[in-house]
Amino acid sequence: MANLLGVFTAKNLLVLSLALNVSLIFRVLLLHDAQNGSFNGFFFTKHNGSQKEALFSPVSSSSSSSSLPISQGDRDRVINLDHGDPTMYESYWQRMGEETTVVIPGWQFMSYFSDATRLCWFLEPEFANQIVRLHNVVGNAVTENRHIVVGTGSTQLYQAALYALSPDTDAEPISVVSAAPYYSSYPLITDCVKSGLYKWGGDALSFSKNGPYIELVTSPNNPDGFARRSVVNRSEGILIHDLAYYWPQYTPISSAANYDLMLFTASKSTGHAGMRIGWALVKDEDVARKMTKYIEINTIGVSKDSQLRAAKVLKVISDNSERPNADGSFFEFSYHVMAKRWKQLREAVHESGLFSVPEFPPQLCKFLNVVFEPQPAFAWVKCEGEIEDCESFLRGKKILTRSGKHFGVGPKYVRISMLDRDRNYETFVERLSTIRL
């Protein structure tokens, strides 16, 4: 043994140790990616251009026919599609590389104020500019003569809107309603602090109380994906339009939305849920001022870092969308991914025979110049036949969903996220297709 050790110098031993450690790290990374449902590969950048190439290409979300191989481990693991976490978009933004990178020196943007002359004084001017530009490029919302209010996601903006729209009198709390199936968090957010200004009033379809009310109109709707209009339609009603999903990857853009108060969010438009950024387009100055006041009291503004990052992301999307025959447009990529996923889901539902999903009429999208059926961010799935509790039934198959009872309807329905990573989604549709009673 001593003779064997004598053959190796210290340099030899160091090289051997380094090789073993690199091998171990590589194995750990592969295992980690496999457990999280993706392998991202390694990228390098050509110096003669901006094109990125992959030594090990990640699986493309937009591939037309190939499916990811489903391992035995995938077949046995729990798939959580309860939340709408938009990790589907990761592969696109990885391909963009450094285009959306933002570097902020430690001394910059330290003040509370972004522009003290603006109504929304914590709104970064560049973010405001890019919001207007993107809406004008896509054609999904009127921005002229509107005040922009930025919030920490559309959830905070919803709360700010309730505060701003509630009567200033000492009367009982104003009722807040939405047609079922409605977004499951609306009742929770509305009644969270047990405000004396407003309270959840339930399903707008059965609302009959006299007096003022606030109606939430989510279009396309979460959870079922249908276009919505107000349903109560009384003179004392005030409307909030939640347009989080009115983007061309989910639904045809037929016209620019033109409502008094419209809510949007980065999480579903670009996939950047972690930035916690949303914005409202508000027609009435007093309402916009009260919403700004609420956010001032609640969080003393909104993160400048997040706004600047969001501005960069929106700029890249607009730049790519405005290029003639642009290869790499965010909305083109997202549209094709969603089209593929809905095709897979409908095939799996047909193969199983135990479920149904909504059918949507096709429309012309003026932005993409394509006629297509809406392909929502969530699937509103119904368990047919004798299955009464769809959530429990699917949980038994290790698929986690959100029950229809949280959306104001019965337990035969569940909401399923369509925005998870490729491998999780592929595993889900493969498993769904094989479910039998």
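Quick caveat, the model's predicted, so the values are computed rather than measured.
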Please check if any side-chain donor atom of [X] sits under 3.5 Å from a side-chain acceptor atom of [Y], or the reverse.
{"X": "Asp242", "Y": "Tyr186", "answer": "yes"}
{"X": "Thr427", "Y": "Asn424", "answer": "no"}
{"X": "Ser433", "Y": "Glu347", "answer": "no"}
{"X": "Ser417", "Y": "Tyr425", "answer": "no"}
{"X": "Gln94", "Y": "Glu90", "answer": "no"}
{"X": "Thr87", "Y": "Asp85", "answer": "no"}

What is the distance from atom [atom1] of [X] to atom [atom2] of [Y], rounded to the nearest 0.5 Å?
{"X": "Leu314", "Y": "Asp319", "atom1": "CG", "atom2": "CG", "result": "11.0 Å"}
{"X": "Ile317", "Y": "Met96", "atom1": "CD1", "atom2": "CE", "result": "10.0 Å"}
{"X": "Ile295", "Y": "Leu123", "atom1": "CD1", "atom2": "CG", "result": "10.0 Å"}
{"X": "Glu430", "Y": "Ile435", "atom1": "CD", "atom2": "CD1", "result": "10.0 Å"}
{"X": "Met418", "Y": "Gln344", "atom1": "CE", "atom2": "CD", "result": "8.5 Å"}

Between the side chain of [X] and the main-chain N/O of [Y], is any donor-acceptor distance below 3.5 Å?
{"X": "Lys304", "Y": "Ser111", "value": "yes"}
{"X": "Ser178", "Y": "Leu216", "value": "yes"}
{"X": "Asn140", "Y": "Ile253", "value": "no"}
{"X": "Gln249", "Y": "Glu332", "value": "no"}
{"X": "Trp380", "Y": "Pro181", "value": "no"}
{"X": "Lys382", "Y": "Val357", "value": "no"}
{"X": "Arg431", "Y": "Val429", "value": "no"}
{"X": "Ser114", "Y": "Phe122", "value": "yes"}

Using the ring of each side chain (for Trp, its six-membered ring), is [X] parallel, tilted or perpendicular to [Y], with breaks at 30° and 60°?
{"X": "Tyr92", "Y": "Phe330", "value": "perpendicular"}
{"X": "Tyr335", "Y": "Phe372", "value": "perpendicular"}
{"X": "His135", "Y": "Trp279", "value": "perpendicular"}

**Pairs involving residues 256-283, ordered by first then second residue, that meet salt bridge (Lys or Arg N to Asp or Glu O under 4.0 Å) (sequence neighbours left out)** = none
Are [X] and [Y] an aromatic pair by the rule of ring centers under 6.0 Å?
{"X": "Phe360", "Y": "Phe226", "result": "yes"}
{"X": "Phe264", "Y": "Tyr246", "result": "no"}
{"X": "Tyr182", "Y": "Trp200", "result": "yes"}

